Structure formats: C-alpha cells, structure tokens
Amino acid sequence: MAADRTWMYRQPRVWETFLSGVNGFLAQAEADMRDRGVPTMCCPCVDCLDQKKFGQRDNIFHHLITRGFKENYTCWNQHGEEGLNEVEEGCLNKGESRHHAEALNEGEMSAY
C-alpha cells in the first residue's frame, strides 16, 4: 500500500505534519542522491517542477515551505521511488518512458 501523502497538499503548509513530511522527503531525496552518486537533486516545488536541481537541501526545503509541492507528486519517482504519478506535463518517469518507447516501436513496426 502506498504511503499516505495527503499532508503534501493540505493548507497551511507551516505546521508540524508538513514540516516533518518535508524533512522525511528531503532525507529520502538525499539518500537517493548519494545512492546514484550525483551532486544534486531535483526540486519538486510548484515552480521548479523537478526541472531545477540543487546540491543543498536548504534550497529545496525553502521552496517547498514557501511554494509547496508540484501537483500530484505523491510517488517520489524523481527521488528514488518506483511508480507512476498522475499525468505529469512534460515529464516522463522511468515507467512512462519504457511504455512510450514500446508504443513507438510498435507504431514503427506496423508502418512497414
């Protein structure tokens, strides 16, 4: 069963459950960054949309506290989790990329 992440989208964001959740998210994001051996992690705030990367957790913490998480990011697939979120505009995660590639290959084959 997936973790309950309703805390990510409740208002106001500056309360104990949200702060605890953000710190848990950042701990997972930092662990994923170390596991992958990369110096930065994506920021999932509503403005950065996992497109901007930071090496310091403080930058992402500040963004999430002031701006909040991007819409429907309950599966942290850009931060070490496997799975899919609801449709994310302009972003294919691992599972969607694989499905997209298979669909393209099938379409290309049927064209011959």
Side-chain angles (χ1 to χ4, degrees):
M1 181 178 212
D4 179 11
R5 301 231 168 109
T6 55
W7 61 267
M8 295 171 66
Y9 301 102
R10 288 193 188 136
Q11 296 292 330
R13 288 192 293 270
V14 183
W15 46 285
E16 189 175 323
T17 303
F18 186 79
L19 294 176
S20 175
V22 168
N23 283 317
F25 165 79
L26 288 169
Q28 179 169 323
E30 286 178 317
D32 179 57
M33 182 176 72
R34 283 189 305 274
D35 290 347
R36 292 185 299 117
V38 296
T40 59
M41 56 188 141
C42 298
C43 179
C45 81
V46 298
D47 293 323
C48 294
L49 300 171
D50 275 333
Q51 303 299 310
K52 189 169 183 181
K53 297 180 180 185
F54 296 97
Q56 299 292 321
R57 81 181 266 141
D58 292 346
N59 294 334
I60 296 173
F61 180 85
H62 182 281
H63 281 206
L64 294 175
I65 296 301
T66 58
R67 303 171 184 178
F69 283 86
K70 69 180 187 171
E71 189 175 349
N72 299 317
Y73 192 56
T74 55
C75 176
W76 300 338
N77 53 22
Q78 298 298 313
H79 300 89
E81 288 187 347
E82 293 289 325
L84 302 175
N85 286 300
E86 292 182 27
V87 177
E88 295 174 325
E89 196 172 317
C91 178
L92 295 177
N93 59 37
K94 293 174 192 170
E96 291 170 324
S97 298
R98 197 174 321 110
H99 176 74
H100 183 68
E102 290 169 359
L104 284 176
N105 288 337
E106 287 175 11
E108 290 171 359
M109 288 179 181
S110 65
Y112 290 105

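Because only heavy atoms are used, hydrogens play no part in the values below, and waters and symmetry mates are left out as well, while side chains stay in. Worth saying up front: this structure is predicted, and the values here are computed from it rather than measured.
To the nearest 0.5 Å, the span separating NZ on Lys52 from SG on Cys45 amounts to 8.5 Å. Remark: Cys42 SG to Gln51 CD distance equals 7.5 Å, nearest 0.5 Å. Interatomic distance, Leu64 CG to Asn59 CG, rounded to the nearest 0.5 Å: 11.0 Å. Note that CD1 of Ile60 and CZ of Arg67 are 11.5 Å apart. Values are rounded to the nearest 0.5 Å. A distance of 7.5 Å separates CG in Asn77 from CG in Asp50, rounded to the nearest 0.5 Å. Separating the SG atom in Cys43 from the CZ atom in Phe69 is a distance of 9.0 Å, to the nearest 0.5 Å.
Both Val38 and Phe54 belong to a common hydrophobic cluster when Ile, Leu, Val, Met, Phe, Trp and Tyr are linked at side-chain heavy-atom distances under 4.5 angstrom.
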Considering only distance and modelled atom types, tabulate donor-acceptor pairs under 3.5 Å from the side chains of residues 18-31, sequence neighbours left out.
from: Asn23; atom 1: OD1; to: Arg57; atom 2: NH2; distance (Å): 3.0
from: Asn23; atom 1: ND2; to: Leu19; atom 2: O; distance (Å): 3.1
from: Gln28; atom 1: NE2; to: His79; atom 2: O; distance (Å): 3.4
from: Gln28; atom 1: NE2; to: Glu81; atom 2: OE2; distance (Å): 3.4
from: Glu30; atom 1: OE1; to: Arg57; atom 2: NH1; distance (Å): 2.8

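Considering all non-hydrogen atoms of both residues, Thr6 and Arg10 come closest at OG1-NH2, 3.0 Å.
Using a 4.5 Å heavy-atom cutoff, the side chains of Trp76 and Met8 are in contact. Between Met41 and Asp32 there is no side-chain heavy-atom pair separated by less than 4.5 Å. Taking the side chain as every heavy atom from C-beta outward, Arg5 and Trp7 approach each other to under 4.5 Å.
Counting heavy-atom neighbours within 6.0 Å of Gln11 CD, excluding the residue itself, gives a total above 12.
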